[in-house]
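What follows is a set of notes on a single structure, which appears directly below.
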Amino acid sequence: NGIMKKAKEITVLCDAKVSLVIFASSGKMHEYCSPSTTLVDILDKYHKESGKRLWDAKHENLSIELDRIKKENDSMQIELRHLKGEDITSLHHKELMALEEALENGLAGIREKQMEVFQMMKNNEMMLEDENKHLNLMLQGMTMESREMDNGYQRSARLPSHQDALPPFRVPADPNPNLQERI
(Lines give C-alpha, C1' and ligand atoms only; values in the text may rest on other atoms or scores of the structure.)
Protein backbone atom coordinates (compact mmCIF):
# COMPACT_ATOMS: atom_id res chain seq x y z
CA ASN A 1 0.00 0.00 0.00
CA GLY A 2 2.91 2.32 0.75
CA ILE A 3 4.41 1.85 -2.71
CA MET A 4 1.02 2.53 -4.34
CA LYS A 5 0.70 5.71 -2.26
CA LYS A 6 4.19 6.86 -3.34
CA ALA A 7 3.33 6.21 -7.04
CA LYS A 8 0.24 8.43 -6.69
CA GLU A 9 2.29 11.15 -4.97
CA ILE A 10 4.94 11.09 -7.72
CA THR A 11 2.20 11.47 -10.34
CA VAL A 12 0.79 14.56 -8.59
CA LEU A 13 3.99 16.20 -7.35
CA CYS A 14 6.21 15.62 -10.38
CA ASP A 15 3.52 15.63 -13.10
CA ALA A 16 4.98 12.32 -14.22
CA LYS A 17 3.35 9.42 -16.00
CA VAL A 18 3.58 6.49 -13.63
CA SER A 19 2.46 2.93 -13.98
CA LEU A 20 2.92 0.33 -11.29
CA VAL A 21 2.04 -3.36 -11.38
CA ILE A 22 2.63 -5.56 -8.35
CA PHE A 23 2.03 -9.30 -8.08
CA ALA A 24 1.77 -10.44 -4.49
CA SER A 25 3.10 -13.82 -3.36
CA SER A 26 -0.51 -14.98 -3.23
CA GLY A 27 -0.79 -14.28 -6.98
CA LYS A 28 -3.08 -11.28 -6.57
CA MET A 29 -2.32 -8.37 -8.88
CA HIS A 30 -2.30 -4.71 -7.79
CA GLU A 31 -1.91 -1.93 -10.30
CA TYR A 32 -1.80 1.83 -10.61
CA CYS A 33 -1.60 4.00 -13.70
CA SER A 34 -1.55 7.78 -13.92
CA PRO A 35 -4.95 9.21 -14.88
CA SER A 36 -3.47 11.02 -17.90
CA THR A 37 -2.16 7.84 -19.61
CA THR A 38 -2.71 4.13 -20.11
CA LEU A 39 -0.52 1.15 -19.37
CA VAL A 40 -0.24 0.36 -23.10
CA ASP A 41 0.99 3.89 -23.85
CA ILE A 42 3.65 3.65 -21.13
CA LEU A 43 4.78 0.21 -22.35
CA ASP A 44 4.99 1.45 -25.95
CA LYS A 45 7.05 4.44 -24.85
CA TYR A 46 9.29 2.15 -22.81
CA HIS A 47 9.72 -0.09 -25.84
CA LYS A 48 10.71 2.85 -28.06
CA GLU A 49 13.04 4.47 -25.52
CA SER A 50 14.82 1.36 -24.27
CA GLY A 51 14.88 -0.63 -27.48
CA LYS A 52 13.96 -3.74 -25.50
CA ARG A 53 11.37 -6.01 -27.04
CA LEU A 54 8.48 -6.51 -24.67
CA TRP A 55 6.36 -8.30 -27.23
CA ASP A 56 7.44 -11.40 -29.08
CA ALA A 57 7.19 -11.88 -32.85
CA LYS A 58 3.79 -13.55 -32.53
CA HIS A 59 2.31 -10.45 -30.91
CA GLU A 60 3.96 -8.24 -33.52
CA ASN A 61 2.44 -10.34 -36.31
CA LEU A 62 -0.98 -10.17 -34.64
CA SER A 63 -0.64 -6.42 -34.33
CA ILE A 64 0.32 -6.12 -38.00
CA GLU A 65 -2.56 -8.39 -39.01
CA LEU A 66 -4.96 -6.35 -36.89
CA ASP A 67 -3.81 -3.14 -38.56
CA ARG A 68 -4.20 -4.74 -42.00
CA ILE A 69 -7.74 -5.90 -41.22
CA LYS A 70 -8.66 -2.44 -39.89
CA LYS A 71 -7.42 -0.83 -43.13
CA GLU A 72 -9.30 -3.42 -45.21
CA ASN A 73 -12.45 -2.76 -43.21
CA ASP A 74 -12.10 1.00 -43.72
CA SER A 75 -11.58 0.43 -47.44
CA MET A 76 -14.68 -1.76 -47.64
CA GLN A 77 -16.71 0.85 -45.75
CA ILE A 78 -15.67 3.48 -48.27
CA GLU A 79 -16.49 1.14 -51.17
CA LEU A 80 -19.89 0.40 -49.67
CA ARG A 81 -20.63 4.13 -49.40
CA HIS A 82 -19.61 4.53 -53.04
CA LEU A 83 -21.91 1.68 -54.08
CA LYS A 84 -24.73 3.44 -52.23
CA GLY A 85 -24.00 6.56 -54.24
CA GLU A 86 -22.43 8.47 -51.35
CA ASP A 87 -19.11 10.37 -51.55
CA ILE A 88 -18.62 9.75 -55.29
CA THR A 89 -17.71 13.34 -56.19
CA SER A 90 -14.05 12.73 -55.29
CA LEU A 91 -13.75 9.66 -57.57
CA HIS A 92 -11.84 9.80 -60.85
CA HIS A 93 -13.35 8.83 -64.19
CA LYS A 94 -11.77 5.33 -64.16
CA GLU A 95 -13.00 4.67 -60.63
CA LEU A 96 -16.50 5.76 -61.64
CA MET A 97 -16.37 3.44 -64.66
CA ALA A 98 -15.30 0.52 -62.42
CA LEU A 99 -18.09 1.37 -59.99
CA GLU A 100 -20.62 1.47 -62.83
CA GLU A 101 -19.41 -1.91 -64.10
CA ALA A 102 -19.65 -3.42 -60.63
CA LEU A 103 -23.22 -2.12 -60.27
CA GLU A 104 -24.18 -3.46 -63.71
CA ASN A 105 -22.71 -6.87 -62.86
CA GLY A 106 -24.63 -6.88 -59.61
CA LEU A 107 -27.83 -5.89 -61.38
CA ALA A 108 -27.33 -8.64 -63.98
CA GLY A 109 -26.82 -11.18 -61.19
CA ILE A 110 -29.98 -10.00 -59.45
CA ARG A 111 -32.00 -10.23 -62.68
CA GLU A 112 -30.66 -13.73 -63.34
CA LYS A 113 -31.64 -14.85 -59.85
CA GLN A 114 -35.03 -13.18 -60.28
CA MET A 115 -35.60 -15.10 -63.53
CA GLU A 116 -34.63 -18.37 -61.80
CA VAL A 117 -37.18 -17.69 -59.07
CA PHE A 118 -39.81 -16.71 -61.64
CA GLN A 119 -39.19 -19.88 -63.66
CA MET A 120 -39.33 -22.00 -60.52
CA MET A 121 -42.64 -20.39 -59.56
CA LYS A 122 -44.00 -20.96 -63.06
CA ASN A 123 -42.95 -24.63 -62.96
CA ASN A 124 -44.59 -25.01 -59.55
CA GLU A 125 -47.76 -23.37 -60.85
CA MET A 126 -47.90 -25.74 -63.83
CA MET A 127 -47.28 -28.71 -61.57
CA LEU A 128 -50.06 -27.60 -59.22
CA GLU A 129 -52.46 -27.08 -62.15
CA ASP A 130 -51.70 -30.59 -63.45
CA GLU A 131 -52.23 -32.03 -60.00
CA ASN A 132 -55.50 -30.08 -59.68
CA LYS A 133 -56.71 -31.45 -63.03
CA HIS A 134 -55.78 -34.97 -61.99
CA LEU A 135 -57.61 -34.60 -58.68
CA ASN A 136 -60.68 -33.16 -60.43
CA LEU A 137 -60.74 -36.15 -62.80
CA MET A 138 -60.45 -38.51 -59.86
CA LEU A 139 -63.27 -36.67 -58.08
CA GLN A 140 -65.48 -36.82 -61.18
CA GLY A 141 -64.83 -40.55 -61.50
CA MET A 142 -65.68 -41.09 -57.86
CA THR A 143 -68.85 -39.01 -58.25
CA MET A 144 -69.96 -41.01 -61.27
CA GLU A 145 -69.32 -44.30 -59.45
CA SER A 146 -71.28 -43.04 -56.49
CA ARG A 147 -74.21 -42.05 -58.72
CA GLU A 148 -74.17 -45.43 -60.43
CA MET A 149 -74.21 -47.12 -57.07
CA ASP A 150 -77.03 -44.84 -55.89
CA ASN A 151 -78.98 -45.47 -59.09
CA GLY A 152 -78.54 -49.24 -58.69
CA TYR A 153 -79.81 -49.02 -55.15
CA GLN A 154 -82.76 -46.89 -56.20
CA ARG A 155 -83.68 -49.32 -58.97
CA SER A 156 -83.71 -52.28 -56.63
CA ALA A 157 -85.39 -50.47 -53.77
CA ARG A 158 -87.77 -48.23 -55.65
CA LEU A 159 -91.46 -48.32 -55.27
CA PRO A 160 -93.37 -50.06 -58.00
CA SER A 161 -94.51 -47.86 -60.81
CA HIS A 162 -98.19 -47.40 -61.71
CA GLN A 163 -97.91 -50.18 -64.29
CA ASP A 164 -97.10 -52.89 -61.83
CA ALA A 165 -98.89 -51.30 -58.86
CA LEU A 166 -100.86 -53.36 -56.43
CA PRO A 167 -104.49 -52.59 -56.12
CA PRO A 168 -105.01 -49.71 -53.78
CA PHE A 169 -105.40 -50.55 -50.15
CA ARG A 170 -108.91 -49.85 -48.90
CA VAL A 171 -110.12 -49.77 -45.41
CA PRO A 172 -113.16 -51.97 -45.14
CA ALA A 173 -116.31 -50.26 -44.06
CA ASP A 174 -117.15 -50.66 -40.42
CA PRO A 175 -119.66 -53.41 -40.14
CA ASN A 176 -121.09 -51.75 -37.08
CA PRO A 177 -121.11 -48.05 -37.88
CA ASN A 178 -123.32 -47.17 -35.01
CA LEU A 179 -121.54 -49.21 -32.39
CA GLN A 180 -121.12 -46.28 -30.13
CA GLU A 181 -124.80 -45.58 -30.22
CA ARG A 182 -125.52 -49.00 -28.80
CA ILE A 183 -123.33 -48.54 -25.84
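Bear in mind that the values here come from a model prediction, so they are computed numbers and not experimental data. Index from 1, following the sequence.
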Rounded at 0.5 Å granularity, tell me how far [atom1] in [X] sits from [atom2] in [Y].
{"X": "Asn61", "Y": "Leu66", "atom1": "CG", "atom2": "CG", "value": "12.5 Å"}
{"X": "Asp130", "Y": "Leu135", "atom1": "CG", "atom2": "CG", "value": "11.0 Å"}
{"X": "Asp41", "Y": "Lys45", "atom1": "CG", "atom2": "NZ", "value": "9.5 Å"}
{"X": "Ile69", "Y": "Asn73", "atom1": "CD1", "atom2": "CG", "value": "9.5 Å"}
{"X": "Asn105", "Y": "Ile110", "atom1": "CG", "atom2": "CD1", "value": "11.0 Å"}

Say whether Tyr32 and Ile3 are linked into one hydrophobic cluster, either directly or through other cluster members, by side-chain heavy-atom distances under 4.5 angstrom.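 Tyr32 clusters together with Ile3.
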
Smallest separation among heavy atoms of [X] and [Y], with atom names:
{"X": "Met4", "Y": "Glu31", "answer": "CE-O, 3.1 Å"}
{"X": "Ser34", "Y": "Ala16", "answer": "OG-O, 3.5 Å"}
{"X": "Gly27", "Y": "Phe23", "answer": "O-CD2, 4.4 Å"}
{"X": "Cys33", "Y": "Thr38", "answer": "SG-C, 3.6 Å"}
{"X": "Leu20", "Y": "Ala7", "answer": "CD2-CB, 4.1 Å"}

Does [X] sit in a hydrophobic cluster with other residues, and if so which ones, taking ILVMFWY side chains as linked at heavy-atom separations under 4.5 Å, directly or through other members?
{"X": "Met121", "result": "Val117"}
{"X": "Ile42", "result": "none"}
{"X": "Leu91", "result": "Leu83, Ile88, Leu96, Leu99, Leu103"}

Do the side chain of Ser75 and the main chain of Lys71 share a donor and acceptor less than 3.5 angstrom apart?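 No, because the side chain of Ser75 does not come within donor-acceptor range (under 3.5 Å) of the backbone of Lys71.
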
Kindly check if the number of other-residue, nucleotide or ligand heavy atoms within 6.0 Å of [atom1] ([X]) is above 12?
{"X": "Leu39", "atom1": "CG", "result": "yes"}
{"X": "Glu129", "atom1": "CD", "result": "yes"}
{"X": "Met97", "atom1": "CE", "result": "no"}

Listed partners of [X] passing side-chain hydrogen bond (donor to acceptor under 3.5 Å, both in side chains), at least two apart:
{"X": "Glu125", "answer": "none"}
{"X": "Ser36", "answer": "none"}
{"X": "Gln140", "answer": "none"}
{"X": "Asn132", "answer": "none"}

Residue pairs involving residues 86-103 (criterion salt bridge (Lys or Arg N to Asp or Glu O under 4.0 Å); sequence neighbours excluded):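 Qualifying pairs: Arg81-Asp87.
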
Salt bridge (Lys or Arg N to Asp or Glu O under 4.0 Å): pairs with one or both residues in residues 5-16, sequence neighbours excluded: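 Every pair satisfying salt bridge (Lys or Arg N to Asp or Glu O under 4.0 Å) with a residue in residues 5-16: Lys6-Glu9.
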
Listed by chain and number, what are the side-chain contact (heavy atoms from CB on, under 4.5 Å) partners of Met76, not counting sequence neighbours?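 In terms of side-chain contact (heavy atoms from CB on, under 4.5 Å), with neighbours along the sequence ignored, Met76 is linked to Glu72.
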
With sequence neighbours excluded, residues passing side-chain contact (heavy atoms from CB on, under 4.5 Å) with Ser25: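 Residues passing side-chain contact (heavy atoms from CB on, under 4.5 Å) with Ser25: none at all.
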
Residue pairs involving residues 106-122 (criterion side chain to side chain donor-acceptor pair (under 3.5 Å); sequence neighbours excluded):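 Every side chain to side chain donor-acceptor pair (under 3.5 Å) pair that includes a residue of residues 106-122, provided the two are not neighbours, is Gln119-Asn123.
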
